[in-house]
Amino acid sequence: MRSSRGVSSELFLWIFSAIAGALLFLFFIIWSMNHTSTSTTVENIEFARSFEQQLSALSTSNELSKTLTFPKDISLHIACGYFLTGRAREPTSLFVFSPESIIEQQYTLIGKPWYFPFYVDTFYYLIPKQSVVVAYYEPSAASYATSLDVPSTYPLNLLPFSAYSLTSLKRELQGYSSTTLVFFGNAPEISSLLQALRPLPVTVLTVDLQQSLLTYYPEDKTYPFFGEASLLGAFIGKDQYVCQHQRSLEKFRLLATLYQQKTALLQQKLGPGSSCQQYLSQGGSLLTTLSAPLDPERLRATVTSLTAVNEDLLRHDCPTIY
Amino acid sequence: MTARPSTKAQVQLSETFLVLFIVIILLFLGIFFYSKFFIQSLQTRANTLSEQDSTVFLSRVSSLAELRCSDKPCLDTSKFLPFQTLVQQRLTLYTPIFGNQKITVQELYPVPSSDAVCTKYLYLQTSYPGSCSQWILYEQKPSVVTSTQKTSTIVSLYYPEKDIYTLGRLTLEVYH
């Protein structure tokens, strides 16, 4: 017969082992979870930073494109001024136009410099391989649309409006995972067009070249655009357009301040007797105007005047503003 | 009669404690060494990333709209002094982009007659661009610097005042 003391000590042994084992088990589970989380975060940060590096490398040349294949296990969200992965949030000063979420497929990355009228920055377009932009132009917009300086890898299909028919459009859009329909000038009735193209994911926008405005449908929201690079960004980055447009204008104003200071220095350097003074003075005051927020109409007019002043400087063998 | 203590149970209990203690020590040693190697590998990855960053950043600086010529692959020297002013005015904007580093440009060819750092005073001299040959475009130094990583590239420098091009070196010193 076992003594009562022996039974209780054996029981204690079991209880102690169970508690100690459970605590150890819990510790290792928590440790391994933290370790996995740290590793994932590190991978995510590495991914976001290498993605930004790939974009930055493209900014050194004027127009380049490359194909990017995104890994299956990481999804990237391109927000305004940020690259977000599951566990990392990397700030970026780059202007990227793309679908909001980048997941597991091949993308074409294109860089195009934005001049307004001086070089402001490079705009990046990240376009899914299975997407297309079909643009129809009216006769009045033909010269603008056909002379667009579109990078060769940008999937733009330009057609005259006379070639528009719902049947041929449906046939053309088959096989694409996302589509943007652009109408330079008047568009057909949008709600029935969207209805007819359902369930295809289609973004429709119209471009008013007279006022340099673009309108997204079915939201019916209108925004200004400044130049081709901005327009090409609007075609593929509906979600980012408003924000990137604002950020790019902020950068533009910052550069206008810099050019204004450069002009003032050039004026001091050349001295009051220089024949270049009057053009530089004009340029300086235009740049002062441009360094503050302006309505689109006044902004365009001032930029046109600045271009003229810069050309005058060039014609008179003076140092140019930009 | 007094009950004798069960020595067998006591020995068993001590054995269990000992085994458990040794197992825990071994496990913790394992975790300690694993974590040490893991942190080391993280540091190596961070250094590699930082090296890649500075190389890419160097090419990015040379293509910054604030510094480059508008339509040619060169740096516009007449933007350097306004850029210094702009950075001082907009520190909150530029510090997160540039971080702790020093960005300098030095003229190399033709061999400059002066090694002076360009200021507004030297810029306005009639002898300019001969009056100076270096620009400190940006500098943000942390209070404690453990190491410095230096990368540089050759750039073309444009002087719009004289409409001439020279050869220079753009240097990036990253403070760690």
Side-chain angles (χ1 to χ4, degrees), chain A residues 3-10 12-13 16-17 20-21 24 27-28 31 35 38-39 42 45-46 49-50 52-54 56-57 59-62 91 93 113-115 117-122 250-251 254-255 257-266 268-270 310 317-322, chain B residues 3-6 8-10 12-13 15-17 20 23-24 27-28 31 34-35 38 41-42 45-46 48-49 52-53 55-57 59-60 62-71 73 76 78-83 85-86 89-90 93 96-97 120 123-126 128 159-163:
Chain A
S3 72
S4 60
R5 196 181 282 247
V7 169
S8 63
S9 91
E10 211 167 279
F12 172 72
L13 199 72
F16 175 77
S17 306
L24 269 177
F27 171 77
F28 282 109
W31 182 81
H35 182 259
T38 312
S39 302
V42 170
I45 291 170
E46 270 186 324
R49 286 180 75 171
S50 72
E52 201 196 14
Q53 282 178 359
Q54 292 196 54
S56 298
S59 70
T60 51
S61 53
N62 261 2
S93 56
W114 180 45
Y115 289 92
F118 42 78
Y119 170 77
V120 181
D121 215 312
T122 299
E250 277 166 30
K251 175 84 189 273
L254 192 77
L255 287 172
T257 310
L258 181 121
Y259 279 112
Q260 192 272 324
Q261 288 172 7
K262 173 187 165 176
T263 309
L265 265 179
L266 282 174
Q268 285 183 57
K269 177 82 186 150
L270 295 174
N310 204 57
D317 280 336
C318 297
T320 52
I321 294 168
Y322 56 89
Chain B
R4 262 190 334 146
S6 166
K8 198 183 168 190
Q10 274 179 344
Q12 263 186 356
L13 202 63
E15 270 176 359
T16 312
F17 273 129
L20 216 69
V23 167
I24 290 170
L27 283 172
F28 276 94
I31 289 175
Y34 179 79
S35 302
F38 182 68
S41 86
L42 279 187
R45 279 159 89 174
T48 314
L49 215 59
Q52 284 174 1
D53 261 356
T55 312
V56 172
F57 196 78
S59 64
R60 219 178 128 190
S62 59
S63 60
L64 263 182
E66 287 91 330
L67 300 172
R68 65 169 247 184
C69 306
S70 201
D71 53 355
D76 183 345
S78 68
K79 283 181 175 179
F80 291 170
L81 292 174
F83 178 70
T85 316
L86 195 69
Q89 286 169 351
R90 305 291 295 268
L93 178 80
I97 299 171
K120 189 179 170 187
Y123 173 80
L124 293 175
Q125 299 297 304
T126 44
Y128 180 85
Y159 294 86
E161 308 83 0
K162 305 267 176 191
D163 196 22

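The sequence lines fix the lettering, A, B, ..., with proteins before strands; numbering per chain opens at 1.
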Set of side chain to side chain contact (heavy atoms under 4.5 Å, CB included) partners for A:Q261, sequence neighbours left out: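 With neighbours one apart ignored, the set is A:T257, B:P82, B:T85, B:Q89.
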A:W31 and B:Y34 aromatic ring geometry - parallel, tilted or perpendicular at 30°/60° bounds: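 Answer is perpendicular, since the angle exceeds 60°.
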Is it the side chain or the backbone of [X] that comes within 4.5 Å of chain B heavy atoms, both, or neither?
| X | result |
| --- | --- |
| A:L258 | both |
| A:S17 | side chain |
| A:E52 | side chain |

With sequence neighbours excluded, residues passing salt bridge (charged side-chain N to carboxylate O under 4.0 Å, His left out) with B:R45: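 A:E46.
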Worked verdict on B:L93 versus A:L254 for side-chain contact (heavy atoms from CB on, under 4.5 Å): CA-CA 10 Å; B:L93 178 80; A:L254 192 77; 3.5 Å; yes
Top contributor to chain A contacts, counting heavy-atom pairs under 4.5 Å, from B:L27, B:L81, B:L20, B:T55: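 Highest number of pairs under 4.5 Å: B:L27.
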Heavy-atom pairs under 4.5 Å with chain A, option from B:D163, B:I31, B:L42 with the top count: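 Heavy-atom pairs under 4.5 Å are most numerous for B:I31.
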Starting at [atom1] of [X], measure out to [atom2] of [Y] and round the result to the nearest 0.5 Å.
| X | Y | atom1 | atom2 | answer |
| --- | --- | --- | --- | --- |
| B:R68 | A:F118 | CZ | CZ | 12.5 Å |
| B:S78 | A:L265 | OG | CG | 8.0 Å |
| B:D76 | A:T320 | CG | OG1 | 8.0 Å |

Heavy-atom pair with the smallest gap, counting every atom of B:A65 and A:V120: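 Answer, listing the atom of B:A65 first, then A:V120: CB-O, 3.2 Å.
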Check: B:S70 side chain, A:Y119 main-chain N or O, donor-acceptor pair, under 3.5 Å: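 Here the side-chain-to-backbone pair exists.
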Where does [X] contact chain A at under 4.5 Å (heavy atoms): side chain, backbone, both or neither?
| X | value |
| --- | --- |
| B:Y123 | both |
| B:K120 | side chain |
| B:L86 | both |

Between A:K269 and B:Y128: side-chain donor-acceptor atoms closer than 3.5 Å: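 Short answer, no.
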Donor-acceptor pair between A:T122 and B:R60 side chains, under 3.5 angstrom: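 Checked: A:T122/B:R60 side chains show no N/O donor-acceptor pair below 3.5 Å.
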CA sep, side-chain torsions, deciding dist, call: A:T38, B:F38, side-chain contact (heavy atoms from CB on, under 4.5 Å): CA-CA 10 Å; A:T38 312; B:F38 182 68; 4.1 Å; yes
Close side-chain approach of B:F83 to A:K262, heavy-atom, < 4.5 Å: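 A side-chain contact is absent here, since even the closest heavy-atom pair is not under 4.5 Å.
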Side-chain heavy-atom pair B:Y159, A:P319 within 4.5 angstrom cut-off: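 B:Y159 does not reach A:P319 side chain to side chain.
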